[in-house]
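Take a look at the structure set out below.
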Amino acid sequence: GTEKSGWLDLIFGLLEGWWKFEDQVRTDHPLLHRDQWTQMLKNIGFSVEIYQSERVAPGQSVILARVPLKSEEKSKKTWLFLSSKELLLTRMLKESCDALGKDVVVAEEFVKGNWEGVVDLRALAFNQEEMSNQALQQAHQILCEGALQTLQQMLRQNPPPQGVWLLTRCALAVEGESGVHLAQSPLWGLGRVVRREHPELQLRNLDLETGREVEIVLSEIFNPHPNEDQIAWRRKQRKGLRLERMPQPLVIPDTSYVLH
């Protein structure tokens, strides 16, 4: 009800609670006019719409109050790309994001901020297929320590970024292929551990192949699959680590086994 009504006062006015208002808005009656409701809701930050329809009974109003939508500039968040600015893929991604109207900051180390997502491309600099044992160990130390320190810094931020990507290139042997970049492979093990211990980071591993990298990265980070966090692209096909039902049931022969 948004208008004074004699019959309402006749019915409910006999109750003591009908007149127990003590606020400064209502001075002589418990019901507020819809203009008073509108002004009060606007004063506390709501946008207000009044529903007009013949179905609304006289003396009553349907008032819709909601938090106003933020302007595009205020709601826009920025992506953080961890990479050397000299990396060709990073420059190409930055140019594509600028064309799409996405704000991107490129930095070699993590910096605190209200990031929409964090994409770590630093492993892509270690793209040699053949490396000496010493060089391989050094690469593992640099990449793993760098990624671990970055993740720890994210967790110390409140709230931490929700959406972290570790990018590699040919770090996995998919379908028995050769030419794996072993220097980048440990990041997949690190990612699996972090997903178990800190699911709030929503960390994903993405393994690329040479060609269409910009298109693949942008499609994955801007439209992530909600249930897949380990993705590899091979021969223009997207492959995700998932459990699927076998086409035929597994038949175990009725025989004896000796366990050692």
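Hydrogens, waters and symmetry mates are skipped; everything else that's a heavy atom, side chains included, is used.
The nearest pair of heavy atoms linking R204 to P226 is NH2-CA, 4.2 Å. Pairing each heavy atom of A139 with each of M131, the nearest pair is CB-CE, 4.1 Å. Taking each heavy atom of L172 and R234 in turn, the nearest pair found is O-NH2, 3.1 Å. The two residues A183 and P186 come nearest to each other via the heavy atoms O-CD, 3.6 Å.
Within 6.0 Å of CH2 on W18 lie more than 12 heavy atoms contributed by other residues, nucleotides or ligands.
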Evaluate the salt bridge (Lys or Arg N to Asp or Glu O under 4.0 Å) criterion for residues K4 and D9: first the C-alpha distance (whole Å), next the side-chain angles of each, then the deciding distance (0.1 Å), finally the verdict. CA-CA 8 Å; K4 297 179 182 180; D9 290 342; over 6 Å; no
Step by step, would you call S185 with V180 a side-chain contact (heavy atoms from CB on, under 4.5 Å)? CA-CA 8 Å; S185 299; V180 175; 3.9 Å; yes
Could you walk me through whether Q230 and R192 satisfy the side-chain contact (heavy atoms from CB on, under 4.5 Å) test, starting with their C-alpha distance in whole Å, then the side-chain angles of each, then the deciding distance to 0.1 Å, before giving a yes or no? CA-CA 9 Å; Q230 300 179 69; R192 288 166 183 160; 2.7 Å; yes
Is there a side-chain contact (heavy atoms from CB on, under 4.5 Å) between Q149 and F110? Walk through the geometry before answering. CA-CA 9 Å; Q149 290 175 0; F110 178 77; over 6 Å; no
Using the rule given for side-chain contact (heavy atoms from CB on, under 4.5 Å), can you reason through L208 versus I216, listing the C-alpha separation, both sets of side-chain angles and the distance that settles it, and then say yes or no? CA-CA 8 Å; L208 306 170; I216 290 172; 3.8 Å; yes
Does the ring-ring contact (aromatic ring centres under 6.0 Å, His included) test come out yes or no for F222 and W79, once each step is laid out? CA-CA 10 Å; F222 293 149; W79 284 79; 5.4 Å; yes
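Separation of atoms CG (L143) and CG (L148) is listed at 12.5 Å; rounding is to 0.5 Å. In this structure, the separation between CG on D120 and CG on L151 is 8.0 Å, given to the nearest 0.5 Å. Atom CG of N133 and atom CD of Q138 lie 11.5 Å apart (nearest 0.5 Å). Once rounded to the nearest 0.5 Å, the distance linking CG of L31 with CG of D28 reads 10.5 Å. With rounding to the nearest 0.5 Å, the separation of CD in Q162 from CG in L203 is 13.0 Å.
No path of Ile, Leu, Val, Met, Phe, Trp and Tyr side chains, each step under 4.5 Å between heavy atoms, connects I221 with V164, placing them in separate hydrophobic clusters. No path of Ile, Leu, Val, Met, Phe, Trp and Tyr side chains, each step under 4.5 Å between heavy atoms, connects V118 with L167, placing them in separate hydrophobic clusters. When the side chains of ILVMFWY residues are joined at heavy-atom separations under 4.5 Å, either directly or via intervening members, W165 and M154 end up in two distinct hydrophobic clusters. Under a hydrophobic clustering in which Ile, Leu, Val, Met, Phe, Trp and Tyr are joined whenever their side-chain heavy atoms come within less than 4.5 Å, directly or via other members, L124 and M92 fall into the same cluster. Hydrophobic clustering (side-chain heavy atoms under 4.5 Å, transitive across Ile, Leu, Val, Met, Phe, Trp, Tyr) groups W233 together with L121.
Residues L88 and T90 form no side-chain contact, since every pair of their non-hydrogen atoms from C-beta on lies 4.5 Å or further apart. Within the 4.5 Å cutoff, no side-chain heavy atoms of T78 are placed close to those of N114. Residues L80 and E116 fail the side-chain proximity criterion, which asks for heavy atoms closer than 4.5 Å. Residues L93 and L218 form a side-chain contact, since some pair of their non-hydrogen atoms from C-beta on lies under 4.5 Å apart.
Residue F81 is tested with V119, V105, L89 for a side chain to side chain contact (heavy atoms under 4.5 Å, CB included); the sole match is V119. When the options Q184, E213, H181 are evaluated for a side chain to side chain donor-acceptor pair (under 3.5 Å) with R169, the one that passes is E213.
Using a 4.0 Å cut-off between charged nitrogen and carboxylate oxygen, D98 and K102 do not count as a salt-bridge pair. Ionic pairing of E220 and R238 is present here: one or more N-O contacts between side-chain nitrogen and carboxylate oxygen are shorter than 4.0 angstrom. The existence of a salt bridge linking R195 and D229 is confirmed by a sub-4.0 Å separation between a basic side-chain nitrogen and an acidic carboxylate oxygen. With salt bridges taken as basic N to acidic carboxylate O contacts below 4.0 Å, none links R91 and E86. No salt bridge links K239 with E209; every basic N to acidic carboxylate O contact stays at or beyond 4.0 Å.
One N or O on the side chain of W115 and one on the backbone of V111 form a donor-acceptor pair closer than 3.5 Å. Put simply, the side chain of N205 gets close to the backbone of L187: a donor and an acceptor are under 3.5 Å apart. Counting only distance, with no hydrogens or angles, the side chain of T168 and the backbone of A171 share no donor-acceptor pair below 3.5 Å. At distances below 3.5 Å, not a single donor-acceptor pair connects side-chain atoms of S83 with backbone N or O atoms of R122. Using a distance-only test at 3.5 Å, with no hydrogens or angles considered, no donor-acceptor pair links the side chain of H198 to the main chain of V193. Although no hydrogens or angles enter the test, the distance criterion places a donor-acceptor pair under 3.5 Å between the side chain of D207 and the main chain of C170.
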